[in-house]
Amino acid sequence: MNRTQNARYKAYSLALAHLKENEVITKTMPVFEPVYLSAKALLDEIEQTNERKVSKLKGLTESKYQYQEVLAAQALATASVISSYATKINDPGLKEAMNFSQSELLYGPEMELGTKCSIILAKARELAVQLQDYGINQAYLNGFADMAGSYRSSVHKPRNAFAERKQAGMLLNEQLRKLLLIFSDQLDPLMLMFKATHQEFYDQYLIKRMVVDAITRKTRLVGLVTEKATGQVLADVLVTVKGAEEVMAVTTAEDGSYSLKTPVLKKVPVLYQKMGYKPLAIQAPVRKGKATTMNVELESV
């Protein structure tokens with residue numbers, strides 16, 4: 001998923017998890033369950049679409065790096081043999097032409113490895129008779145050529161997968177659009193019926209329901225949340241900002257970091273909440289068009 005898709009997916013996931021955790025409340029309205037199940041089924045489809053895309057690309061990438069390591073090692077070994085032969089016959093030009101380092105072959109641009117392997121392989125074939133005493137025979141050269149061909153194919157496969165990635169991205173957008181319609185046309189109106197009787201339940205739904213793609217915002221609050229006693233970072237801390245007309249919220253990442261859009265006020269009220277810790281309310285100064293860093297510590301209960 002791209003950043004926007006991920007932000008939407010996370011918001012819908014949090015909202016549906018909130019409804020599931022409070023099904024004692026939602027089950028008082030029989031019409032609520034089929035709408036929830038429709039949204040949950042579509043969310044599961046979105047997750048499966050993304051997993052298929054990620055796993056396929058990951059496999060192609062891992063395959064490419066495996067070929068790269070083996071091919072670079074074989075190229076270096078062959079170049080070293082030719083270099084030794086060049087020293088024996090006192091041919092500095094040939095020795096210089098085979099002067100490849102391990103880092104150059106392994107960590108250089110991926111297409112350059114194929115080019116350099118072609119140079120080494122061509123020279124090895126040219127000197128095939130002279131190199132037999134060094135263990136370079138026809139079977140060795142054929143194996144080298146096959147490995148170089150496999151590597152070139154592995155380099156091109158991820159490139160050919162761009163079209164498939166684009167199709168998967170379009171499918172994700174369509175699935176997210178359908179999920180948005182379920183929320184906006186069905187779940188949101190139903191949730192309004194709980195506003196008077198279960199205010200906190202309704203407010204928490206709105207916080208989790210909101211899509212906040214803070215990375216793209218110019219005016220935002222960023223920082224790190226840690227445990228006061230140990231200094232350990234805290235994930236899944238709910239960070240809530242209340243502006244004049246809207247509520248914005250995110251949860252901290254695995255590394256304790258957070259980033260979210262803020263209203264442009266002299267002082268913005270921010271609330272940090274996590275089960276097992278004392279809530280922390282602060283007034284954070286923000287600047288228009290800039291990010292304000294606010295690192296905080298939470299005390300355990």
Side-chain angles (χ1 to χ4, degrees), residues 1-22 40 43-44 46-47 50-51 53-55 57-58 61 172 176 179 183 200-244 246-301:
M1 293 185 191
N2 59 34
R3 289 176 175 175
T4 301
Q5 291 171 338
N6 189 60
R8 291 175 180 172
Y9 172 78
K10 185 173 183 180
Y12 299 147
S13 297
L14 290 172
L16 290 180
H18 177 63
L19 298 180
K20 180 64 175 178
E21 291 168 2
N22 293 274
K40 184 63 171 64
L43 188 74
D44 291 341
I46 292 169
E47 185 175 359
N50 188 60
E51 285 181 353
K53 183 181 76 169
V54 171
S55 62
L57 291 174
K58 182 180 178 183
T61 302
L172 285 171
L176 286 165
L179 188 55
F183 271 90
E200 184 177 353
F201 168 63
Y202 176 76
D203 289 343
Q204 287 296 315
Y205 169 78
L206 286 186
I207 290 173
K208 293 174 170 59
R209 161 79 170 81
M210 181 169 293
V211 177
V212 181
D213 186 13
I215 297 174
T216 64
R217 309 301 186 183
K218 292 183 179 179
T219 302
R220 66 187 194 275
L221 188 68
V222 300
L224 188 70
V225 181
T226 57
E227 185 178 40
K228 188 173 184 179
T230 64
Q232 188 174 18
V233 297
L234 295 177
D236 297 321
V237 176
L238 179 62
V239 185
T240 309
V241 171
K242 292 190 176 182
E246 59 180 331
V247 175
M248 289 151 284
V250 293
T251 55
T252 56
E254 291 295 325
D255 62 357
S257 64
Y258 68 94
S259 175
L260 74 162
K261 174 189 172 185
T262 67
V264 183
L265 303 172
K266 289 184 179 180
K267 294 284 186 178
V268 175
V270 187
L271 180 63
Y272 300 83
Q273 296 172 284
K274 181 177 175 65
M275 187 172 293
Y277 293 85
K278 298 178 182 178
L280 176 64
I282 64 170
Q283 296 289 321
V286 298
R287 297 165 293 174
K288 186 176 181 179
K290 297 182 179 180
T292 299
T293 300
M294 189 63 60
N295 299 325
V296 301
E297 299 176 325
L298 297 186
E299 294 185 51
S300 59
V301 177

Pairwise side-chain contact, Ser259 with Val250, heavy-atom cut-off 4.5 Å (strictly under):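 No; the side chains remain at least 4.5 Å from each other.
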
For [X] and [Y], work out which heavy atoms get closest and say how close.
{"X": "Ala284", "Y": "Leu221", "answer": "CB-CD1, 4.1 Å"}
{"X": "Val233", "Y": "Glu254", "answer": "CG2-O, 3.9 Å"}
{"X": "Ala249", "Y": "Leu238", "answer": "CB-CD1, 4.1 Å"}
{"X": "Asn295", "Y": "Leu224", "answer": "OD1-N, 2.8 Å"}
{"X": "Pro279", "Y": "Gln273", "answer": "CB-CG, 4.3 Å"}
{"X": "Ser300", "Y": "Lys278", "answer": "O-CE, 4.1 Å"}

Calculate, to the nearest 0.5 Å, the distance between atoms [atom1] and [atom2] belonging to [X] and [Y] respectively.
{"X": "Tyr258", "Y": "Met294", "atom1": "OH", "atom2": "CE", "answer": "6.5 Å"}
{"X": "Leu16", "Y": "Phe183", "atom1": "CG", "atom2": "CZ", "answer": "4.0 Å"}
{"X": "Lys40", "Y": "Leu179", "atom1": "NZ", "atom2": "CG", "answer": "11.0 Å"}
{"X": "Ile46", "Y": "Tyr12", "atom1": "CD1", "atom2": "OH", "answer": "8.5 Å"}
{"X": "Glu21", "Y": "Gln204", "atom1": "CD", "atom2": "CD", "answer": "10.0 Å"}

Taking side-chain contact (heavy atoms from CB on, under 4.5 Å) as the definition, give me every residue that meets it alongside [X], ordered by chain and number, with sequence neighbours left out.
{"X": "Gln283", "answer": "Lys267, Pro269"}
{"X": "Leu280", "answer": "Tyr272, Ile282, Val296, Leu298"}
{"X": "Asp203", "answer": "Gln199"}

Non-neighbouring partners of Lys274 that pass salt bridge (charged side-chain N to carboxylate O under 4.0 Å, His left out), sequence neighbours left out: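 Salt bridge (charged side-chain N to carboxylate O under 4.0 Å, His left out) list for Lys274, sorted by chain: empty.
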
Phe201: partners by ring pair (Phe, Tyr, Trp, His ring centres under 6.0 Å), with sequence neighbours left out: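 Scan of Phe201 (ring pair (Phe, Tyr, Trp, His ring centres under 6.0 Å), adjacent residues dropped) gives His18, Phe194.
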
Expected output: side-chain Thr292 to main-chain Pro285 donor-acceptor under 3.5 Å: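 Looks like yes, one N/O pair under 3.5 Å.
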
Salt bridge (charged side-chain N to carboxylate O under 4.0 Å, His left out) contacts touching residues 221-230 (sequence neighbours left out):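 For residues 221-230, and leaving out neighbouring residues, the salt bridge (charged side-chain N to carboxylate O under 4.0 Å, His left out) pairs sorted by first residue read Lys228-Glu299.
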
Residues in side-chain hydrogen bond (donor to acceptor under 3.5 Å, both in side chains) contact with Thr251, at least two apart in sequence or another chain: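 Residues passing side-chain hydrogen bond (donor to acceptor under 3.5 Å, both in side chains) with Thr251: Lys10.
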
Ser257: partners by side-chain hydrogen bond (donor to acceptor under 3.5 Å, both in side chains), with sequence neighbours left out: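 Here the qualifying residues are Asp255.
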
